[in-house]
Amino acid sequence: MAPPLALTFDPWDPAFVADPYPAYAELRKRGRVHWFEPTNQWLVPHHADVSALLRDRRLGRTYQHRFTHEEFGRTAPPPEQEPFHTLNDHGMLDLEPPDHTRIRRLVSKAFTPRTVERLKPYVEGLAADLVAALVDAGGGDLLRDVAEPLPVAVIAEMLGIPESDRAPLRPWSADICGMYELNPSGESAAKAVRASVEFSDYLRELIAERREKPGDDLISGLIAAHDEDDDRLTEQEMISTCVLLLNAGHEATVNSTVNGWWALFRHPGQLAALRADHSLVPSAVEELMRYDTPLQLFERWVLDDIEIDGTVIPRGAEIALLFGSANHDPAVFADPARLDLTRADNPHISFSAGIHYCIGAPLARIELAASMTALLEQAPTLRLAEEPKRKPNFVIRGLEGLVVEV
């Protein structure tokens, strides 16, 4: 008899959070879809299903483009959480067509491949400077000294946020992202609301300044962006877009950096191969994002009944797509528990798929490659100074810190 699902999948158990991958293997063996009572969600662990459902228009990040809360059998969020939901619900990550299509098209006009490529020298220079400071100090916390400041500074630079205003960005982002965990507490919700209000107020003032005096930054680009019908982003859509770009644009990069280096320290043979051949950096970035996935779970609402392996999942249900499990599926990845920086066939889904594929993926890859290259070149003897502590979060997977010495 199979053990109860709660014994296999327990996102609040520190032992599970430390290493969820054996539990995922058990879930995959036991079937393609599982009901998980504590969060009232259907868990989907296989790569083929996760990949297909990310593209399935019968599912959505929201249901409010088609149904009221009552029609969908859900209760509206409590009124005191309104600032968070207003901010969150106007970002393209949590919208469906036609609003998602319109906003993504307008954002893409400002967030172009040329814009990203133009940032590359800045990213590489900043990464080199941050690593040089770490080396001069003989070591430090890789999270605090390199992984965090790099993507935050890059997104802030893109948005045109002055250096003097950047200190609250990471705390605001961390508090808002607390709401993406499973069953967030009242305290987490209160922090997210406060951060949503403060961040929105700040951006509203900055947008007003850019309207008066445009620059060559992304906020000015978002203000100017319009389509052939002269359709433009509303102020709230611009605010939500800026917050999304910051949150999504650095959370995954920060956690991929520290998760990746922690994995490398645990696999000295792979680290030695990387140090001997820096041309492995691009494939190493992809493999490390697969091996220890920064976003473990992505939720979707069922807008129309679907069937998975004979199980009918009704409209109104919520599905949890297990990215971490999909990225370790042996049906897709040969020997998935093995870290292989030369892995050529690597269709990981760490950047999602379908219409919600991460718009910042090219920038994230540049940032991850820049910090890894700088560390390999300037700190060839980098080593772990103390065992890191895993953050208690399950959905957004990271470390409390990663203390290293040179």
Side-chain angles (χ1 to χ4, degrees), residues 54-55 61 90-127 150-163 166 169 173 199 203 206-254 256 281-282 285-286 289 295 349-371 373:
L54 285 169
R55 297 168 170 86
R61 284 289 294 169
H90 285 82
M92 58 186 166
L93 182 63
D94 279 81
L95 287 171
E96 292 298 317
D99 287 331
H100 173 274
T101 311
R102 178 180 62 84
I103 292 176
R104 187 164 180 129
R105 185 174 63 243
L106 290 167
V107 171
S108 296
K109 287 178 181 293
F111 198 85
T112 63
R114 189 182 302 167
T115 307
V116 173
E117 196 57 35
R118 204 169 59 225
L119 275 169
K120 195 172 180 180
Y122 171 78
V123 175
E124 291 173 343
L126 180 56
L150 177 64
V152 173
V154 170
I155 294 290
E157 189 73 14
M158 281 188 78
L159 293 172
I161 296 175
E163 282 194 41
R166 294 178 186 178
L169 296 180
S173 175
F199 204 170
L203 287 169
L206 195 60
I207 289 167
E209 286 177 22
R210 293 293 186 276
R211 286 192 197 280
E212 292 294 315
K213 193 177 175 184
D216 60 358
D217 54 88
L218 188 59
I219 288 179
S220 299
L222 293 174
I223 293 167
H226 62 91
D227 60 18
E228 56 279 0
D229 299 321
D230 204 33
D231 194 7
R232 296 173 185 269
L233 294 168
T234 66
E235 182 181 72
Q236 183 57 60
E237 288 167 350
M238 275 190 271
I239 290 169
S240 296
T241 295
C242 291
V243 172
L244 174 62
L245 289 174
L246 177 78
N247 292 353
H250 84 273
E251 279 292 343
T253 311
V254 169
S256 292
V281 166
V285 165
E286 303 301 320
M289 289 194 78
L295 180 71
I349 50 172
S350 300
F351 288 120
S352 191
I355 66 168
H356 289 290
Y357 181 78
C358 176
I359 198 171
L363 179 58
R365 287 185 165 111
I366 288 172
E367 292 170 349
L368 290 166
S371 66
T373 301

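Hydrogens, waters and symmetry mates are skipped; everything else that's a heavy atom, side chains included, is used. All residue numbers in this chain count up from 1 along the given sequence.
Residues satisfying the side chain to side chain contact (heavy atoms under 4.5 Å, CB included) test with Ser240, not counting sequence neighbours, are Leu87, His90, Gln236. Glu235 meets the side chain to side chain contact (heavy atoms under 4.5 Å, CB included) test with Arg204, Arg211, Ile239; sequence neighbours excluded. In this structure, Arg55 has no salt bridge (Lys or Arg N to Asp or Glu O under 4.0 Å) partners at least two apart in sequence or on a different chain.
The shortest distance between side-chain heavy atoms of Arg210 and Met238 does not fall below 4.5 Å. Under the 4.5 Å side-chain criterion, counting only non-hydrogen atoms from C-beta, Thr253 is not in contact with Leu150. The shortest side-chain heavy-atom distance between Met289 and Leu368 falls under the 4.5 Å cut-off. In this structure the side chain of Ile359 reaches within 4.5 angstrom of the side chain of Leu245, judged on heavy atoms. In this structure the side chain of Met158 reaches within 4.5 angstrom of the side chain of Leu363, judged on heavy atoms.
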Could you pull out every donor-acceptor pair under 3.5 Å between side chains of residues 114-121 and any protein atom, sequence neighbours left out?
unit_1, atom_1, unit_2, atom_2, d
Thr115, OG1, Ala110, O, 3.3
Thr115, OG1, Thr112, OG1, 2.7

For residues 91-98, which side-chain donor-acceptor pairs fall under 3.5 Å, sequence neighbours excluded?
unit_1, atom_1, unit_2, atom_2, d
Asp94, OD1, Arg61, NH2, 3.3
Asp94, OD2, Arg61, NH2, 3.3
Glu96, OE1, Arg57, NH2, 2.2
Glu96, OE2, Arg61, N, 2.8
Glu96, OE2, His356, NE2, 3.0

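Summarising the geometry, atom CD1 belonging to Ile219 is positioned 5.5 Å from atom CD1 belonging to Ile161; distances are rounded to the nearest 0.5 Å.
Residue Leu106 is tested with Leu222, Thr101, Leu233 for a side-chain contact (heavy atoms from CB on, under 4.5 Å); the sole match is Leu233.
Residue pairs meeting the salt bridge (charged side-chain N to carboxylate O under 4.0 Å, His left out) criterion with at least one member in residues 350-368, sequence neighbours excluded: Glu286-Arg365.
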